[in-house]
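Structure first, then comments.
All of these numbers come straight from a predicted model, not from anything done at the bench. If you read the sequence from its start, that first residue is 1, and numbering goes on from there.
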Amino acid sequence: MVLRGIRVVELAGLAPGPFCGMVLADFGAQVVRVDRPGSRGDVSLLARGKRSLVLDLKRPRGAAVLRRICARVDVLLEPFRCGVMEKLQLGPETLLKDNPKLIYARLSGFGQSGSFSKAAGHDINYVALSGVLSKIGKSGDNPYPPLNLLADFAGGGLMCTLGIVLALFERTRSGQGQVIDANMVEGTAYLSSFLWKTQHMGLWEQPRGQNLLDGGSPFYTTYKTADGEFMAVGAIEPQFYKLLVKGLGLKSDELPTQMSIADWPEMKKKFADVFAKKTKAEWCQIFDGTDACVTPVLTIEEALHHSHNRERASFITDEEQHASPRPAPQLSRTPAIPCLKRDAFAGEHTEEVLKEFGFSQEEIHQLCSERVIESSKPKANL
């Protein structure tokens, strides 16, 4: 795999950090998650392909253990607020002095500087501060968050993964590591570059929920079907819109022009009335195979079994029969090969990892007796 041989230490956190580490592991990196004493493991359930080391970083001896490990790895991924690692004497100045080739990835909500850098927050706060949340929501309603996908996983975890891969690539030229300041506010804002760049084009002149791409237009929204399901419509281009109208059994010459914004509310009602007369399956029979850009809104279970996704093997099933998306994108020569085994227990690989990094059995026993580390081997079922 493309990241084969890359050694990553991921300090345990929530959602974005574990996702970043999982992507790296899926594409071949050796990822060790450093869990806190007493931890139940990765509650985000994004520990695929990782090993677990339990280490108490709040104790000087524990911090010294991590420092010794980081002297021999390629990437450190830390998800804490600004200043936490420095308090532990594990800041980038210290670790890069030990290992000038280290990629020190800092994944935070608000970044390593600025008045909010030490504040708590969650996805909704980061999306709000980026400006994007103000654009999401129905007409006349409050803005509402798009689950916790946008800031946590796209602007945070995935952007941090990109930063790590970029830094690893640059290191092949310079031989030097560097510090990555990945944060969810700026990551989300960067993802919304299209929104910013098109401000002057009139795409967002109407109030929230009344524009071309935010559910305001009758040809870019969802409609309820006779069986209480939904269809998604994205017929923006004129030729696609023509096929939409045809599939609905309407006549173009009896309707307002597509881009008549004043008529959009009435058109949405007309389209809604038509969609409500047939089931989702019936609409799929009408629109599948056409360029009308009309697709069913699938549930998670339906997405798993949809013919297109099955043909592409878009989802994988682990040894515990839990399904999840296959790593993306696909690489032709060095594709990701995700681990299908169960997630590691917290501390399952503590001794194994420490031995790999040169710790003697005597040192391990001492660290364990001082409760600097914890080891939790799975028990056999007899």
Side-chain angles (χ1 to χ4, degrees), residues 3 6 8-27 29 31-36 39-52 57 73-85 90 92 103-114 116-133 136 145-168 178-193 324-325 327-329 336 338 343-344 346:
L3 294 178
I6 298 297
V8 179
V9 170
E10 172 198 321
L11 303 187
L14 295 175
F19 179 67
C20 176
M22 187 186 76
V23 174
L24 297 174
D26 283 342
F27 284 88
V31 180
V32 173
R33 189 183 73 243
V34 177
D35 287 307
R36 300 176 179 87
S39 169
R40 294 184 291 118
D42 182 9
V43 296
S44 301
L45 302 182
L46 297 170
R48 184 167 64 208
K50 305 174 189 177
R51 293 184 293 168
S52 171
L57 297 179
V73 302
D74 299 285
V75 179
L76 172 68
L77 172 59
E78 67 96 349
F80 306 132
R81 295 191 217 177
C82 177
V84 170
M85 289 294 280
L90 294 169
I103 309 299
Y104 195 115
R106 317 196 77 166
L107 176 53
S108 64
F110 298 106
Q112 299 301 312
S113 60
F116 278 28
S117 62
K118 296 184 179 180
H122 282 293
D123 187 288
I124 189 171
N125 307 115
Y126 312 135
V127 178
L129 207 64
S130 74
V132 176
L133 187 58
I136 303 175
L147 305 180
N148 69 324
L149 295 176
L150 191 51
D152 278 356
F153 297 106
L158 197 57
M159 283 296 187
C160 187
T161 306
L162 173 61
I164 290 170
V165 172
L166 291 173
L168 286 170
Q178 57 184 304
V179 181
I180 299 168
D181 181 354
N183 70 84
M184 286 168 257
V185 174
E186 291 173 350
T188 302
Y190 189 36
L191 285 170
S192 70
S193 293
S324 61
D343 291 351

Can you tell which of Val84, Val179, Ile180, Leu77 makes a side-chain contact (heavy atoms from CB on, under 4.5 Å) with Arg106?
Val179
Determine whether Thr161 and Leu24 make a side-chain contact, defined as any pair of heavy atoms from C-beta on separated by less than 4.5 Å.
yes
For Gly157 versus Cys20, what's the shortest heavy-atom pair and its separation?
O-CB, 3.6 Å
NZ (Lys118) and CZ (Arg81) are apart, to the nearest 0.5 Å, by 10.5 Å
Separation between CD1 (Ile164) and CG (Leu76), nearest 0.5 Å, reads 9.0 Å
Assess whether side chain to side chain contact (heavy atoms under 4.5 Å, CB included) is satisfied between Leu168 and Ile6, documenting all intermediate values.
CA-CA 9 Å; Leu168 286 170; Ile6 298 297; 4.2 Å; yes
Could you go through the side chain to side chain contact (heavy atoms under 4.5 Å, CB included) check for Leu57 and Leu11 one step at a time?
CA-CA 10 Å; Leu57 297 179; Leu11 303 187; 4.2 Å; yes
CG-OG distance between Asp343 and Ser52, expressed to the nearest 0.5 angstrom
10.5 Å
Just by modelled atom types, is the Val132 backbone N or O under 3.5 Å from a matching donor or acceptor in the Ser130 side chain?
yes
From Asn183 CG over to Tyr190 OH, what is the distance, rounded to the nearest 0.5 angstrom?
14.0 Å
Could you check whether any side-chain heavy atom of Asp26 comes within less than 4.5 Å of a side-chain heavy atom of Arg48, counting everything from C-beta outward?
yes
Testing the basics here: between Ser117 and Ser113, what is the closest heavy-atom pair and its distance to 0.1 Å?
CB-O, 3.5 Å
Exceeds 12 heavy-atom contacts within 6.0 angstrom, atom CZ of Phe80
yes
Could you state the interatomic distance from CG (Asp152) to OH (Tyr126), rounded to the nearest 0.5 Å?
7.0 Å
Atom CG of Leu149: over 12 foreign heavy atoms under 6.0 Å
yes
Which atom of Ala105 lies closest to which atom of Cys160, heavy atoms considered
CB-SG, 4.0 Å
Do Gln112 and Pro92 come within less than 4.5 Å of each other through their side chains, counting heavy atoms only?
no
Please examine the side chains of Ser44 and Phe19, heavy atoms only from C-beta on, and report whether any two atoms are closer than 4.5 Å.
no
For Leu107 and Gly17 the tightest heavy-atom approach is CD2-N, 3.6 Å
Ile124 and Leu133: side chain to side chain contact (heavy atoms under 4.5 Å, CB included), yes or no, with the steps?
CA-CA 8 Å; Ile124 189 171; Leu133 187 58; 4.0 Å; yes
Check against side chain to side chain contact (heavy atoms under 4.5 Å, CB included), Phe153 and Leu158
CA-CA 6 Å; Phe153 297 106; Leu158 197 57; over 6 Å; no
Rounded distance (nearest 0.5 Å) linking atom CG of Leu166 with atom CE of Met159
10.5 Å
Please report the shortest heavy-atom distance between Pro327 and Phe27, naming the atom on each side.
CB-CE1, 4.1 Å
Heavy-atom donor-acceptor pair, Asp123 side chain to Ala151 backbone, under 3.5 Å
yes
Looking only at heavy atoms, which two atoms of Ala47 and Asp42 are closest? And how far apart?
N-OD2, 3.3 Å
List in chain and number order the residues that pass side chain to side chain donor-acceptor pair (under 3.5 Å) with Ser192, two or more places apart in sequence or in another chain; answer none if no residue qualifies.
Trp196
